[in-house]
Participant: 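Next up is a structure, given as structure tokens.
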Amino acid sequence: MKKNLLFAGFLVVNTISAQIGISTNSPQGAFHVDGGKDNNVSGAPTATQQLNDFIVTSAGRVGVGTIAPNTKFEINSGTSNASGLAFTNFNSTAPISTGQTLGVDSSGNVVSLANPAAASVTTVEVASSTGTAFNVNDLGYTAVTGSSQSITVPTGGKAVFINFMLGIDYTSFPEGSGGGYYQATLFIDGSPSTVYQRTQERDTTGSQTQYTLNTVKFLTAGSHTLDVRMIRALNNGTTSGANMACLPISMSFNASYIN
């Protein structure tokens, strides 16, 4: 007899609506457990009181931490950005398997996501040890012969890693020269970029210089032209307009992006 009375103290059965409540006098569903035994004597529990509740509704929905689940199974952890769901034997150390990627939508519903495509690198490369002579002065840019390259960027645009290495031979000695500064600039689609290198001319003919231009630029979808152009940025004694004959002796170009 004592055992029956003890059980009755924890189990409330509403025979009118066929609801079962454990540790609650006011079950809100077909089966309602108040784990914290802190619900109101009558009526629905507060949002805070629901956090330790478990319910099965008449619609067959299961709620943990909520008495009004909107899906077949809903958890309200009570903590922002925490799902409240954990797998003891399945965690970040588990081996990678095959299958569909899962995520959550704006309402917290678990949904399938498209598996990301494997990343690949698209590269355009050119190497050359020969070139045609060209003249450089202070009046405007001159394109380095053989430096013009084209790259096609896919839909959406890409951040492109660009590298130009140029070896230039000065083959003349303009009037007043010997201390001028020469600049190589990366041009994109005919416009100068902010990527350049400036070197000072050596004081003898037949001298050489090296330019290395490295950058990352976001390029929109479509075809783009990349080239290097030179100018005498500072005459420093060289007669304005006088040409310096230059000859490319080495060239290495690389442009790549991640798909």
Participant: Output all residues satisfying side-chain contact (heavy atoms from CB on, under 4.5 Å) with Thr199, sequence neighbours left out; order by chain, then residue number.
Facilitator: Tyr170, Gln197, Thr209, Tyr211
Participant: List the atom pairs, donor and acceptor, that lie under 3.5 Å between side-chain atoms in residues 87-99 and the rest of the protein, sequence neighbours left out.
Facilitator:
residue	atom	partner	partner atom	Å
Asn91	OD1	Thr93	N	3.0
Asn91	OD1	Thr93	OG1	2.5

Participant: For the backbone of Val195 and the side chain of Ser193, can you confirm whether one donor and one acceptor N or O come within less than 3.5 Å of each other?
Facilitator: yes
Participant: Which residues pass the side-chain contact (heavy atoms from CB on, under 4.5 Å) test with Ala47, sequence neighbours left out?
Facilitator: none
Participant: Suppose we screen for side-chain contact (heavy atoms from CB on, under 4.5 Å). Which residues come up paired with Ala82, at least two apart in sequence or across chains?
Facilitator: Ser77, Thr79
Participant: Apply ring pair (Phe, Tyr, Trp, His ring centres under 6.0 Å) to Phe187 and list each qualifying residue two or more places apart in sequence or on a separate chain.
Facilitator: Tyr141
Participant: Ser58: what forms a side-chain contact (heavy atoms from CB on, under 4.5 Å) with it, not counting sequence neighbours?
Facilitator: none
Participant: Just checking, is any N or O donor in the side chain of Ser147 or Gln149 under 3.5 Å from an acceptor N or O on the other one?
Facilitator: no
Participant: With a 4.5 Å heavy-atom cut-off, do Ile258 and Ser120 have their side chains touching?
Facilitator: no
Participant: List for me each residue that meets side chain to side chain donor-acceptor pair (under 3.5 Å) alongside Ser80, sequence neighbours excluded, and say none if there are none.
Facilitator: none
Participant: With sequence neighbours left out, which residue pairs that include part of residues 224-234 fulfil the salt bridge (Lys or Arg N to Asp or Glu O under 4.0 Å) condition?
Facilitator: Asp138-Arg232, Asp227-Arg229
Participant: Just wondering, do Phe134 and Val144 contact through their side chains at under 4.5 Å, heavy atoms?
Facilitator: yes
Participant: Through direct or indirect side-chain contacts below 4.5 angstrom among Ile, Leu, Val, Met, Phe, Trp and Tyr, which residues connect to Val41?
Facilitator: none
Participant: Listing request: all salt bridge (Lys or Arg N to Asp or Glu O under 4.0 Å) pairs with a residue in residues 101-126, at least two apart in sequence or in separate chains.
Facilitator: none
Participant: Could you tell me whether the side chains of Glu175 and Ser177 share a donor-acceptor contact shorter than 3.5 Å?
Facilitator: no
Participant: Is there a side-chain contact between Met251 and Met165, using heavy atoms and a 4.5 Å cut-off?
Facilitator: no
Participant: As an exercise, state the distance from OG1 of Thr66 to CG of Asn76, rounded to the nearest 0.5 Å.
Facilitator: 6.0 Å
Participant: Side chain of Ser83, backbone of Leu85: donor and acceptor closer than 3.5 Å?
Facilitator: yes
Participant: Is any side-chain heavy atom of Val62 closer than 4.5 Å to a side-chain heavy atom of Phe54?
Facilitator: yes
Participant: Do Ile188 and Leu219 make a side-chain contact, defined as non-hydrogen atoms from C-beta onward lying under 4.5 Å apart?
Facilitator: yes
Participant: Under a 3.5 Å distance rule, please check whether Thr215 uses its side chain to pair with a backbone N or O of Lys217 as donor and acceptor.
Facilitator: no
Participant: Among residues at least two apart in sequence or on other chains, which ones pass side chain to side chain donor-acceptor pair (under 3.5 Å) with Thr142?
Facilitator: none
Participant: Could you tell me if Asn25 and Ser42 have a donor-acceptor pair between their side chains, going purely by distance under 3.5 Å?
Facilitator: no
Participant: Given a cutoff of under 4.5 Å between side-chain heavy atoms of I, L, V, M, F, W and Y, with clusters grown through shared members, what are the other residues clustered with Val216?
Facilitator: Phe161
